[in-house]
Amino acid sequence: MRLAPDFYARPVLEVAHDLIGCTVEHRGVSGVIVETEAYHESEPACHAFVGVTERTKTLFGEPGTAYVYRSYGIHALLNAVCEPAGVGAAVLIRALQPLDGIDEMRSRRGGVDDEQLCSGPGKLTQALAIELSENETDLGGDGPVVIRPRAAGWRAPEIVVGTRIGITQAAELPWRFCVAGCPHVSRPRPANMRPAIEAGG
DNA sequence: CATGGGATTGACT
DNA sequence: GTCAATCCCATGC
């Protein structure tokens with residue numbers, strides 16, 4: 001099973017919702033996506049807001065490719081490019097529930113509690129050893145980072161929506177999706193978040 | 001070419 | 001609660 005480009009070539013809010021429950025795998029280490037955020041060229045928090053540059057060309061490229069960039073000079077953050085080519089948009093993968101290779105995650109993360117192995121966008125790239133050099137690689141199975149569909153028989157959890165974390169621009173948009181009550185979600189935990197409107201999946 | 005500002009995290013008060 | 005680490009990139013001179 002794989003997620004074809006068609007999955008990503010849709011409104012970024014739908015993809016952000018539908019990526020909850022999918023898995024991310026990198027060289028045998030994997031987790032289930034439990035938190036995402038949507039970014040779109042129409043709003044200033046998105047890197048693509050400034051148009052096509054050397055940095056943002058990935059966001060305007062083919063849906064289903066990875067956008068990996070360095071945050072605060074320290075962390076690599078993983079995004080999935082969405083919407084048709086030519087539209088700058090992506091879903092930020094913010095948290096995973098560890099699945100495979102947990103011992104490897106533990107050694108890379110310096111012995112934190114298992115609930116904190118992947119409870120943040122910088123934490124999960126460290127746990128999975130995802131690197132900047134993997135920017136613009138295919139997420140459908142031809143690249144080192146692979147996002148797979150929800151498992152057969154996967155039971156939809158309650159998904160809640162809230163405002164995005166750590167941004168100053170367009171901070172009011174409710175474009176953050178989390179699994180309600182999931183201990184692997186990043187801080188601040190969903191508190192005053194409302195249930196998501198089912199967008200598909 | 002210099003500069004300012006992050007889609008964060010961990011340590012510390 | 002506050003704050004530094006650290007570097008790439010977009011912008012402006």
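For the numbers below, each heavy atom of this structure counts, side chains included, while hydrogens, waters and symmetry mates do not. Naming convention: chains lettered A, B, ... in sequence-line order (proteins, then strands); numbering from 1 in each chain.
Between chain A and DNA chain B, the heavy-atom contact criterion of under 4.0 Å yields a 5' to 3' nucleotide range of dG6(B) to dG10(B). Heavy-atom contacts of chain A under 4.0 Å fall on DNA chain C between two terminal nucleotides, which in 5' to 3' order are dA5(C) to dT11(C).
Every side chain to side chain donor-acceptor pair (under 3.5 Å) that Asn135(A) has, sequence neighbours left out, goes to Thr58(A). A search for side chain to side chain contact (heavy atoms under 4.5 Å, CB included) contacts involving Ala16(A) returns Thr36(A), Ala38(A), Val91(A), Phe177(A), not counting sequence neighbours. When the salt bridge (charged side-chain N to carboxylate O under 4.0 Å, His left out) test is applied to Glu134(A), the partners found at least two apart in sequence or on another chain are Arg27(A). Scored by the side chain to side chain contact (heavy atoms under 4.5 Å, CB included) test, Ala180(A) finds Glu158(A), Val160(A) as partners (sequence neighbours excluded). Annotation: salt bridge (charged side-chain N to carboxylate O under 4.0 Å, His left out) contacts of Arg148(A) (sequence neighbours excluded): Glu25(A).
No continuous path of hydrophobic side-chain contacts links Tyr72(A) to Tyr39(A) [ILVMFWY only; heavy atoms under 4.5 Å]. Cluster membership check: Ile33(A) shares its hydrophobic cluster with Leu124(A), using side-chain heavy-atom separations under 4.5 Å among Ile, Leu, Val, Met, Phe, Trp and Tyr.
Taking each heavy atom of Arg70(A) and Leu132(A) in turn, the nearest pair found is NH2-CD1, 3.3 Å. Of all the heavy atoms in Asp138(A) and Asp142(A), the pair that sits closest is OD2-N, 3.1 Å. Closest non-hydrogen pair, Thr65(A) versus Glu62(A), comes out as OG1-O, 2.9 Å.
Using a 4.5 Å heavy-atom threshold, the side chains of Phe7(A) and Leu19(A) count as touching. In this structure, Pro63(A) and Glu83(A) have side chains that are not in contact, with every pair of non-hydrogen atoms separated by 4.5 Å or more. Within the 4.5 Å cutoff, side-chain heavy atoms of Arg150(A) are placed close to those of Cys22(A).
Positionally, the nearest nucleotide of DNA chain C for His75(A) lies more toward the 5' end than for the other of His75(A) and Thr56(A).
Sequence neighbours left out, the pairs with a member in residues 39-56 of chain A that pass salt bridge (Lys or Arg N to Asp or Glu O under 4.0 Å) are Glu43(A)-Arg164(A), Glu54(A)-Lys57(A).
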Donor-acceptor contacts, no H, no angles, side chain residues 92-108 of chain A, under 3.5 Å, sequence neighbours left out:
{"residue": "Arg94(A)", "atom": "NE", "partner": "Glu35(A)", "partner atom": "OE2", "Å": "2.9"}
{"residue": "Arg94(A)", "atom": "NH2", "partner": "Ser186(A)", "partner atom": "OG", "Å": "3.2"}
{"residue": "Asp100(A)", "atom": "OD2", "partner": "Ser30(A)", "partner atom": "OG", "Å": "3.1"}
{"residue": "Asp103(A)", "atom": "OD1", "partner": "Arg106(A)", "partner atom": "NH1", "Å": "2.8"}
{"residue": "Glu104(A)", "atom": "OE2", "partner": "Arg108(A)", "partner atom": "NH2", "Å": "2.9"}
{"residue": "Arg106(A)", "atom": "NE", "partner": "Asp114(A)", "partner atom": "OD1", "Å": "3.0"}
{"residue": "Arg106(A)", "atom": "NH2", "partner": "Asp114(A)", "partner atom": "OD2", "Å": "2.7"}
{"residue": "Ser107(A)", "atom": "OG", "partner": "Glu104(A)", "partner atom": "O", "Å": "2.9"}
{"residue": "Arg108(A)", "atom": "NH1", "partner": "Ala127(A)", "partner atom": "O", "Å": "2.8"}

- Query: Dot-bracket for DNA chain C: what is it, with Watson-Crick or G-U pairs under 3.5 Å, [ ] where a pair crosses earlier ones, and | for a pair to another strand?
  - Reply: |||||.||||||.
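For the contact set between residues 106-129 of chain A and DNA chain B, defined by any heavy atom under 4.0 Å, the members are Arg109(A), Gly120(A), Pro121(A), Gly122(A), Lys123(A). If you check residues 62-74 of chain A against DNA chain C, the residues with a heavy atom closer than 4.0 Å are Arg70(A), Tyr72(A), Gly73(A), Ile74(A), listed by number.
Leu132(A) comes within 4.0 angstrom of no nucleic acid atom, judged by non-hydrogen atoms across all strands.
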